[in-house]
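Worksheet: one structure, shown below.
Residue numbering restarts at 1 for every chain, and letters A, B, ... go by the order of the sequence lines.
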Number of protein chains: 2
Amino acid sequence: MENVDGRYANMMKALGDEARIKIFVMLSKGEECACKLLDELSITQPTLSYHMKILCDSGLVEGRRDGKWMRYSLKAEVLAELIGFLSGIQ
Amino acid sequence: MENVDGRYANMMKALGDEARIKIFVMLSKGEECACKLLDELSITQPTLSYHMKILCDSGLVEGRRDGKWMRYSLKAEVLAELIGFLSGIQ
DNA sequence: AAAACACATTGACATTTATCGATATGATGC
DNA sequence: GCATCATATCGATAAATGTCAATGTGTTTT
């Protein structure tokens with residue numbers, strides 16, 4: 001999966017899930033801790049953790065530890081890349 | 001799956017596959033018949049048909065019959081919607 | 001240092017997905 | 001009308017995915 005198409009396919013696969021796209025939209029308001037995301041969604045904590053890993057692996061999201069919490073945020077430049085790729089089509 | 005997030009999640013799920021994103025990029029050069037797509041990809045004819053259905057169901061692609069052939073093309077306005085949605089994030 | 005908190009990882013499981021061979025459908029040409 | 005070509009559908013199957021309860025890990029609080 002390490003060609004160009006694969007990279008973008010991977011990003012879109014990451015966003016191709018309703019829970020994850022909701023998370024992504026929430027993060028567009030700014031950095032959020034996992035616990036905050038958790039109580040906006042009807043999923044368990046392990047499931048959230050699973051989705052966050054997929055989002056981070058795609059490159060579209062990053063997390064940092066802040067004491068007990070994990071704070072997640074968008075990587076705007078990666079999203080911009082994806083938008084650029086899609087805009088290049090057509 | 002009929003809320004807004006679901007609609008875009010569905011589009012990204014459609015593009016979240018390497019074969020389908022390749023198809024999508026091919027279609028960006030203009031309308032193509034299935035047979036042409038088929039010999040650019042290392043998949044069987046039923047598998048291509050399966051992928052085309054997913055792309056069409058997402059709204060990003062449409063097909064029309066032309067005699068024996070099916071000609072597929074991008075729906076640029078739907079792609080533009082998706083790009084607009086992503087651009088609204090961040 | 002023990003308890004509590006926030007999150008990640010593991011193992012299990014059901015569902016979905018991608019794939020194929022075989023077959024059906026629809027159009028064209030003879 | 002029959003053979004052929006292009007595509008879709010069906011049935012089967014293996015692999016990937018999303019989900020959870022249970023448990024592990026790292027951090028803070030008492």
Pair listing, salt bridge (Lys or Arg N to Asp or Glu O under 4.0 Å) test, anchored in residues 80-90 of chain B, at least two apart:
Arg7(B)-Glu81(B)

Value in whole Å for how far the P atom of dA8(C) lies from CG of Leu37(A)
11 Å

Return each pair, listed once, that meets side-chain hydrogen bond (donor to acceptor under 3.5 Å, both in side chains) where at least one residue sits in residues 19-29 of chain B; pairs must be two or more places apart or across chains.
Arg20(B)-His51(B)

Can you give each donor-acceptor pair under 3.5 Å made by side-chain atoms of residues 30-44 of chain B, sequence neighbours left out, with the distance rounded to 0.1 Å?
residue, atom, partner, partner atom, Å
Glu31(B), OE1, Arg64(B), NH2, 3.0
Glu31(B), OE2, Arg64(B), NE, 2.7
Glu31(B), OE2, Arg64(B), NH2, 3.4
Thr44(B), OG1, Thr47(B), OG1, 3.1

Nucleotides 6-19 of chain D: protein proximity per nucleotide (B base, S sugar-phosphate only, - neither; heavy atom, under 4.0 Å):
SBBB-------SBB

Taking every heavy atom of Ser58(B) against every heavy atom of Ala14(B), the minimum-distance pair comes out as CB-CB, 3.6 Å

To the nearest Å, how far apart are Asp66(A) CG and dT28(D) C1'?
12 Å

When you compare the protein's N or O atoms with those of nucleotides 1-3 of chain C, which come within less than 3.5 Å of each other, and at what distance?
none

Hey, can you pull the donor-acceptor pairs under 3.5 Å for the side chains in residues 67-78 of chain B, sequence neighbours left out?
residue, atom, partner, partner atom, Å
Arg71(B), NE, Asp66(B), OD2, 2.8
Arg71(B), NH2, Asp66(B), OD2, 3.1

Would you say the side-chain atoms of Ser49(B) pair up with the backbone N or O of Gln45(B), donor to acceptor, closer than 3.5 Å?
no

Spell out, yes or no, whether Met12(A) and Ile54(A) are grouped together once hydrophobic residues are joined by side-chain heavy atoms under 4.5 Å, including indirect joins.
no

Examine Tyr50(A) and Leu15(A) and state if one hydrophobic cluster contains both, with Ile, Leu, Val, Met, Phe, Trp and Tyr joined whenever side-chain heavy atoms are less than 4.5 Å apart.
no

